[in-house]
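Here the structure comes first, spelled out in structure tokens, and everything after it is commentary.
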Amino acid sequence: MKVKDIVEKLQLTVCSGAAGLEREVKGGYVSDLLSDVMGNANEGNVWLTLQTHKNIMAIASLKELAAVILVKGYQPEEDTRNESETEGIPVLSTSLPTFEIAGALFEILKNG
Amino acid sequence: MEFNYEIEGGNFSHAGTASSEVKKLLKQLNVNPALIKRIVVALYEAEVNVVAHAYEGVMNVVFDNNAIVVKIADKGPGIPDINLAMQEGFSTASPAVREMGFGAGMGLPNIKKNCDELKIESEVNKGTTVTMITHLN
């Protein structure tokens with residue numbers, strides 16, 4: 001499954017980094033603690049968080065995550081958008097709270 | 001081969017830049033991707049520690065056929081009790097830093113898990129040097 005498929009199925013907004021919509025999604029990770037993501041997320045994961053600052057892109061890039069989904073309607077800060085464009089890693093947004101979007105993502109990834 | 005990258009204390013907008021440079025370097029040197037994945041976690045945590053706590057630092061990378069040795073030396077407040085700092089969950093990060101999702105007390109434990117040898121030397125009011133060794137074989 002690709003990032004663009006998740007965008008379509010979960011009706012996400014693409015905030016930035018559209019060049020990365022073809023990235024392959026291999027799973028998901030949910031956390032707002034950056035060290036937790038750094039230590040435990042895997043390459044190709046979609047990361048669900050409410051953090052919107054630029055450092056999320058440093059982590060997404062270093063861990064080679066597929067995309068970041070901001071929950072509850074949060075929008076990325078300007079320098080986060082810029083970094084997302086530079087890295088080609090999409091920042092996506094949903095109005096849903098973390099629990100609901102995580103459940104929906106889990107369902108579509110489980111069913112392949 | 002030896003490389004140095006500067007780290008600016010207090011500037012979170014550049015946190016991860018040095019780690020990203022070292023990651024690129026290790027890829028160019030054809031280091032095993034699984035090893036790079038581990039090292040990157042340790043590098044980033046150590047870099048963020050300098051940004052969050054110190055005034056300035058240098059990430060020094062020495063690479064030979066047997067090991068990658070990364071030494072991160074900072075000028076800063078130092079660590080009064082290293083054993084306490086190593087405990088998962090212990091943090092002296094400011095509330096502002098915690099709000100960003102840092103300062104959960106997972107940094108040093110993450111470093112320890114993601115390198116083969118870890119040495120921390122620190123002098124209060126002078127600075128801290130973290131040495132991380134990853135064996136290549």
Side-chain angles (χ1 to χ4, degrees), chain A residues 16-17 20 23-24 26-66 68-72 74-89 91 98 102, chain B residues 7-8 10-27 33-53 59 85-91 93 96-115:
Chain A
S16 56
R23 293 170 79 87
E24 197 66 36
K26 297 175 189 162
Y29 199 76
V30 181
S31 183
D32 301 318
L33 294 178
L34 305 198
S35 286
D36 179 39
V37 180
M38 204 59 216
N40 300 298
N42 291 316
E43 182 186 342
N45 279 178
V46 172
W47 174 21
L48 279 61
T49 183
L50 49 68
Q51 300 289 356
T52 59
H53 53 82
K54 187 186 171 189
N55 294 277
I56 61 173
M57 294 319 299
I59 289 185
S61 165
L62 286 168
K63 297 292 287 186
E64 297 177 31
L65 303 180
V68 181
I69 301 179
L70 303 182
V71 300
K72 291 197 296 185
Y74 281 103
Q75 296 295 312
E77 291 170 15
E78 190 59 37
D79 53 3
T80 307
R81 282 177 205 268
N82 295 340
E83 197 66 18
S84 153
E85 294 290 345
T86 307
E87 295 289 340
I89 301 176
V91 173
T98 311
Chain B
I7 306 170
E8 198 183 334
N11 187 351
F12 273 95
S13 73
H14 290 158
T17 310
S19 304
S20 177
E21 291 298 322
V22 175
K23 184 184 171 189
K24 275 183 215 153
L25 172 75
L26 297 179
K27 279 191 169 176
L35 278 185
I36 295 179
K37 281 198 180 89
R38 279 189 79 207
I39 293 169
V40 157
V41 176
L43 288 174
Y44 180 76
E45 294 290 4
E47 183 176 356
V48 164
N49 279 346
V50 174
V51 176
H53 300 285
M59 185 181 282
M86 288 304 298
Q87 283 180 20
E88 197 141 355
F90 179 83
S91 175
V97 169
R98 286 173 203 249
E99 263 178 37
M100 292 171 79
F102 294 110
M106 301 169 85
L108 287 173
N110 260 356
I111 295 174
K112 196 174 179 190
K113 272 180 230 159
N114 288 286
C115 65

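The sequence lines fix the lettering, A, B, ..., with proteins before strands; numbering per chain opens at 1.
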Of the options Val48(B), Asn114(B), Val40(B), which is the one that meets Met38(A) in a side chain to side chain contact (heavy atoms under 4.5 Å, CB included)? Val40(B)
For the backbone of Gly39(A) and the side chain of Lys113(B), can you confirm whether one donor and one acceptor N or O come within less than 3.5 Å of each other? no
Should Met106(B) and Leu34(A) count as side-chain neighbours, where that means a heavy-atom distance under 4.5 Å? no
Looking only at heavy atoms and a cut-off of under 4.5 Å, which of Asp32(A), Leu62(A), Asp79(A) has the most pairs with chain B? Leu62(A)
For the atom pair CD (Glu99(B)) and CD (Gln51(A)), what is the distance rounded to the nearest 0.5 Å? 9.0 Å
Nearest heavy atoms of Lys23(B) and Ser61(A), plus distance in Å: NZ-O, 3.1 Å
Once rounded to the nearest 0.5 Å, what's the spacing between atom CE of Met57(A) and atom OG of Ser20(B)? 11.5 Å
For the student: nearest non-hydrogen atoms of Ala58(A) and Ala15(B), plus distance: CB-O, 3.7 Å
Report the option among Asn42(A), Asn55(A), Leu33(A) that has the most heavy-atom pairs separated by less than 4.5 Å from atoms of chain B. Asn55(A)
